[in-house]
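Residue numbering restarts at 1 for every chain, and letters A, B, ... go by the order of the sequence lines.
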Amino acid sequence: MTTVSETATSPHSAMAGDAAPMVSIRGVSKSFGTNEVLRDIDLTVNKSEVVCLIGPSGSGKSTLLRCVNFLEVYDRGEIRIEGKLVGYTEETPRRRLSNRDLRSLRRNVGMVFQQFNLWPHMTALENVAEALVQVRGMDKAAAGAHARRMLDRVGLAAKADSYPARLSGGQQQRVAIARVIAMEPHLMLFDEPTSALDPELVGEVLQVMRDLAADGMTMVVVTHEMGFAANVADKVAFLDHGRIAAFGTPREVFHESTEPRVQQFLQTYHERNSF
Amino acid sequence: MDRGFAGIEGPSMKFSVIIDALPHLLGAAVTTVWVSLLGVLLGQVIGLAVCVARQSGGRAADMAGGVYVSFFRGVPLLIQLLLIYYMLPLIGIDVPPLVASIAALGLASGAYVSEIYRGALNAVPHGQSEAALALGFPDRSIWTRILLPQAFRISVPALVNELILLLKASSLISVVGVAELTRTSQTISAANYRPLEIYLAAGVIYLAINGALALFGTLVERRLQQA
């Protein structure tokens, strides 16, 4: 149930190509100054799996997620996406990847943020089409047509010409998801995608995420939505003080874990959500 | 006898003097406007380049930019103007006063504009560029498509302010002999001994130009807000 750090500690354990898991995190640690925010994290995400990262605030969930696409730099250990080392070269001692290599890695990894981060000076359609033009080099017309299909997929075709300020939080987050799936990523990272939303808007975003999961998208989701974690996730990792304190299927973590910190966390969660 | 002190002891203002001088004053005002616009344009280019270089060009670029900003913000424009005007011939560059003036205005304005853009860039939330980074945007696209358009919107009021300040500061180039509005007013009033009327007219012309600029700024702001 707790993660197994006794497997795979060899730095050369990663496989390449199709056999490699979508994400493989081995012995990853990170400090902000003297504050150790991630301690020796091991985690594997297989293709088409949905893995939820849960735990109290400050436990390191978001930091771990942001290390996966190297928005956050990890100090020790290694993270591999489809066998490719994230952020560093393969040589020893390793060096930081060039911006160009980092970009090509990030092209296959989509990220959805808590604050949506839509670009306010562009319409919904332009928000989705922009990366297709800037990153994939599509011409404007093709990008626009593709973007329109993506907006349709998240149920917002009618809002294509609206600026973000005119959209509800839930709609903005769905546009942000459309912006990511337009790039056809192999992996999607969600950083508390519903935490900034009014309660009545959470459902529409979770529904889009459920649809993505059903389509076989590999997803790593930092969330406080225990219902989503319980019903949609294949695996749940409970983080506490920068460690994975519990890992397993939702049933194993939510119902069978004897880990006191998990039980305490769930207890607090239930109390807060009962009335 | 009475001519020598006409400006002070004249019994009343003679508005006919203004009418006579108006064609000259308006012609000079046109010079003021286009010299200022060229100065502002140059200042925009320099300011933007300095700002981007300081933010993304490493320590050396940041320090060079810092020296530039502190010099051109810290030395009075009049002194800068005279320095440029007298220094360029020394190093073998013989420039007409007009070119020296536009260069001085542009360099001074660039220092302020780079700080305006720096402030505006700081006001763009970090998540804006992070979203682009996560999608794999090249740095250049992040600047041109995400950061600068937003920074520009934020800085429009400050830029209009800068434009107005610069237009007024352009009166200083009269000292190197450019026949703009202030210089022309001096020349005319030295000839007709009617400084009060002429400077009053010049002041009204400055006011009108800046009123138009302020109005233009408001329109731009309103236009951008609609988006």
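- Separating the CG atom in B:L135 from the CZ atom in A:R179 is a distance of 5.5 Å, to the nearest 0.5 Å.
- With A:Q134 contributing its side chain and B:A132 its backbone, the two residues share no donor-acceptor pair below 3.5 Å.
- Annotation: A:K159, atom NZ; neighbour count of heavy atoms from other residues, nucleotides and ligands within 6.0 Å does not exceed 12.
- Salt bridge A:R66/B:E130: present, at least one basic N to carboxylate O contact under 4.0 Å.
- Counting only heavy atoms from C-beta outward, the side chains of A:R103 and B:F137 never approach each other to under 4.5 Å.
- Counting heavy atoms of neighbouring residues, nucleotides and ligands inside a 6.0 Å radius, atom CZ of B:F71 exceeds 12 of them.
- Here the straight-line distance linking atom CG of B:L133 with atom CG of A:N69 works out to 8.5 Å at 0.5 Å rounding.
- When every heavy atom of B:P149 is checked against every heavy atom of A:H121, the shortest pair comes out as CB-CD2, 3.7 Å.
- The backbone N or O of B:A131 lies less than 3.5 Å from no partner atom in the side chain of A:N117, so there is not a single donor-acceptor pair.
- Looking at heavy atoms from C-beta onward, A:P120 lies in side-chain contact with B:Q128 at the 4.5 angstrom threshold.
- Among A:V112, A:N99, A:L118, A:V109, the residue making the largest number of heavy-atom pairs under 4.5 Å with chain B is A:L118.
- Heavy atoms only, all atoms of each residue included: A:M122 and B:R145 are closest at CE-O, 3.5 Å.
- The contact between A:E130 and chain B is made by backbone and side chain atoms together, counting heavy-atom distances below 4.5 Å.
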